[in-house]
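Have a look at the structure below, then the notes.
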Amino acid sequence: MEPLVLGIESSCDETGVAFVRGNTLLTDAVASSVDLHARFGGVVPEVASRAHLEAMIPMMSRAAAEAGHSLSDVDAVAVTSGPGLAGALMVGVAAAKAVAWALDKPLYGVNHLAAHVCADVLDHGPLPSPTVALLVSGGHTDLLLVNDIASDITALGRTIDDAAGEAFDKVARVLGLPYPGGPEIDRLAVSGDPRAIAFPRGLTSRKDLERHRYDFSFSGLKTAVVRYVQEQERDGIPLNLPDVAASFSEAVADVLTRKAIAACQEYGINNLQIGGGVTANRWLRAMAEERCAAAGIELRVPRIRLCTDNGAMVAALGSQIVQRGLPPSTLDLGTDSSLPVEQVQM
Ligand code: KG4
Ligand code: ZN
């Protein structure tokens, strides 16, 4: 019988609780506190922690009811123990420990970033091994070599300044759009011209590639957008928001896909997995599909709901760890807000 795993996610502003059996998603309950943060233009950690505290038990009850299971049916409890906001992580870890201790079930503290990469197991089955993975979220942008999602991840490159999602959110703010900016820019870009404005592609010059082959940089792009907006204002030209959104999205997607495909080719790997909140972006999904098809690389992208934060991906990763018979975490499990991507389990 495949293991029934309870997954708990609370690293940022989503409280997620899910039940996964083997590689199959049974239920996925998510409560978001994003509306509470919108007026501040970004996530307020203390507000997020309190919202997790209020939502955790209702989400557990909802997930259990929808799965037709009680908590005592689970074979293991998996929880995001890092990286993320310290106080927010603590709520999830405390809840997971309480369940594991009360019901005498093994506890697995897992990495949020590895969980993003693992989410697609629920849509497309076990990850091919090895695979190159591109992880693009609000706080991270990493290019990874994944030999085994449960135990063997090597970082090939990462952002040296802003994460891709952070760039979307900051540019949205400059354009006067509400938080979180990623979905807003995505929506606007649909009717824009991606070639209207030539925004820079960070770390793609020959000289930069020597030192930063698989690294990313988005702060120069953000500055270029700010400068463009200021120049238009100075010259009294009304902003064409769809064109700015499309040209910006094109610049982000271009660099992400170019470097990910280069990594596949240089490592001789024909699989690319993408995951994380920014993977919900239409531009990125379309460009990745087109370029992977042209390069003969098999692309895996999860459904949009599994791209942003959720408990399902945490349960999915927990299930991989359980299926490989790896040892559980101990009940003195802590949180690590800057847990490195290579450390899959704490
Ligand atoms: O993975 P995630 O849900 O949370 C973190 O672990 O950070 O990613 C959130 C990020 C935010 O920056 C948000 O603006 C971005 O993902 N995002 C998007 C889209 N949906 C969410 N960015 C671009 N296009 C989208 N459709
Ligand atoms: Zn995330």
Side-chain angles (χ1 to χ4, degrees), residues 7-16 18 28 30-34 37-38 41-43 45 48 52 79-85 88-89 92 110-120 133-142 158-159 162-175 177-190 192 194 216 218 221-222 244-246 248-257 274-288 301-314 316-317 337-339 341:
I8 299 176
E9 156 64 33
S10 71
S11 68
C12 191
D13 55 353
E14 260 95 35
T15 314
D28 172 26
V30 178
S32 176
S33 62
V34 67
H37 308 292
V43 176
H52 286 307
V79 61
T80 297
S81 51
L85 302 170
L89 288 167
V110 305
N111 189 309
H112 179 83
L113 308 175
H116 268 304
V117 175
C118 193
D120 196 38
L134 173 67
L135 166 75
V136 272
S137 71
H140 294 81
T141 303
D142 295 312
R158 61 187 60 76
T159 181
D162 293 348
E166 197 179 349
F168 268 97
D169 296 335
K170 286 179 176 171
V171 162
R173 198 187 304 189
V174 170
L175 299 178
L177 303 170
Y179 176 85
E184 296 288 327
I185 292 188
D186 194 9
R187 195 174 43 75
L188 277 169
V190 174
F216 303 96
F218 295 105
L221 171 59
K222 176 190 65 192
V244 179
F248 168 76
S249 303
E250 170 91 3
V252 175
D254 179 22
V255 181
L256 289 173
T257 53
I274 59 178
V278 180
T279 311
N281 185 265
R282 269 173 271 210
W283 220 275
L284 176 60
R285 294 170 87 91
M287 196 182 281
V301 191
R303 77 188 99 146
I304 287 180
R305 186 180 161 86
L306 293 180
C307 293
T308 47
D309 290 348
N310 60 76
M313 64 187 197
V314 179
L317 179 55
S337 52
S338 52
L339 185 66
V341 65

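The model shown is predicted, which means the values in this text are computed figures rather than measured ones. In listed order, ligands and their atoms are each counted from 1.
Between G181 and ligand 1, no N or O atom pair is found at a separation short of 3.5 Å. For ligand 1, one of its N or O atoms has an N or O atom of H112 under 3.5 Å away.
H116 counts as a contact of ligand 1, since one of its heavy atoms falls under 4.0 Å from the ligand. The closest approach between any non-hydrogen atom of P183 and ligand 1 is below 4.0 Å. The closest approach between E14 and ligand 1 stays at or above 4.0 Å for every heavy atom of the residue.
When all heavy atoms of S11 and L89 are compared, the closest pair comes out as CB-CD2, 3.6 Å. Across every non-hydrogen atom of L284 and A253, the tightest pair is CA-CB, 3.9 Å. Here the shortest heavy-atom pairing between L113 and D142 reads CD1-OD2, 4.1 Å.
Distance check: K222 NZ to R173 CZ gives 10.0 Å after rounding to the nearest 0.5 Å. Rounding to the nearest 0.5 Å places CD of E14 at 8.5 Å from CG of N310.
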L339/H112 under side-chain contact (heavy atoms from CB on, under 4.5 Å): CA gap, chis, key distance, verdict: CA-CA 9 Å; L339 185 66; H112 179 83; over 6 Å; no

Show your working on side-chain hydrogen bond (donor to acceptor under 3.5 Å, both in side chains) between H52 and S10 and close with a plain yes or no. CA-CA 7 Å; H52 286 307; S10 71; 4.8 Å; no

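Here is the list of ligand 1 atoms found below 4.0 Å of a heavy atom in G139: 7 (O). Near G165, meaning under 4.0 Å from any of its heavy atoms, are these atoms of ligand 1: 12 (O). Of all atoms in ligand 1, listed by their number and element, those nearer than 4.0 Å to a heavy atom of A280 are 20 (N), 26 (N).
D169 places a side-chain N or O within 3.5 Å of a backbone atom of G181 that can act as its donor or acceptor partner.
Put simply, the angle at the Zn ion (ligand 2) from OD1 in D309 to NE2 in H112 is close to 100°, to the nearest 10°.
When G277, A164, G84 are ranked by how near their heavy atoms come to atom 1 (O) of ligand 1, first place goes to G277. Across the listed options D169, V278, T308, D169 owns the non-hydrogen atom lying nearest to atom 14 (O) of ligand 1.
With hydrogens left out, the protein atom closest to atom 7 (O) of ligand 1 is G138 N, 2.8 Å, a heavy atom. The single protein non-hydrogen atom nearest to atom 24 (N) of ligand 1 is N281 ND2, 3.0 Å, given as residue, atom name and distance. Among all non-hydrogen protein atoms, the one lying nearest atom 22 (N) of ligand 1 is G182 CA, 3.3 Å. D186 OD2, 2.8 Å is the protein heavy atom nearest to atom 26 (N) of ligand 1.
Under 2.8 Å from the Zn ion (ligand 2) lies no N/O/S atom of H140, from backbone or side chain alike.
For the pair L256/T141, a side-chain contact is recorded, criterion being any heavy-atom separation below 4.5 Å from C-beta on.
Between F216 and F218, the ring-plane angle classifies as parallel under the 30° and 60° cut-offs.
Contacts of D309 with ligand 1, taken as heavy-atom pairs under 4.0 Å, involve both backbone and side chain.
The number of heavy-atom neighbours closer than 6.0 Å to CZ of R282, taken from other residues, nucleotides and ligands shown, is above 12.
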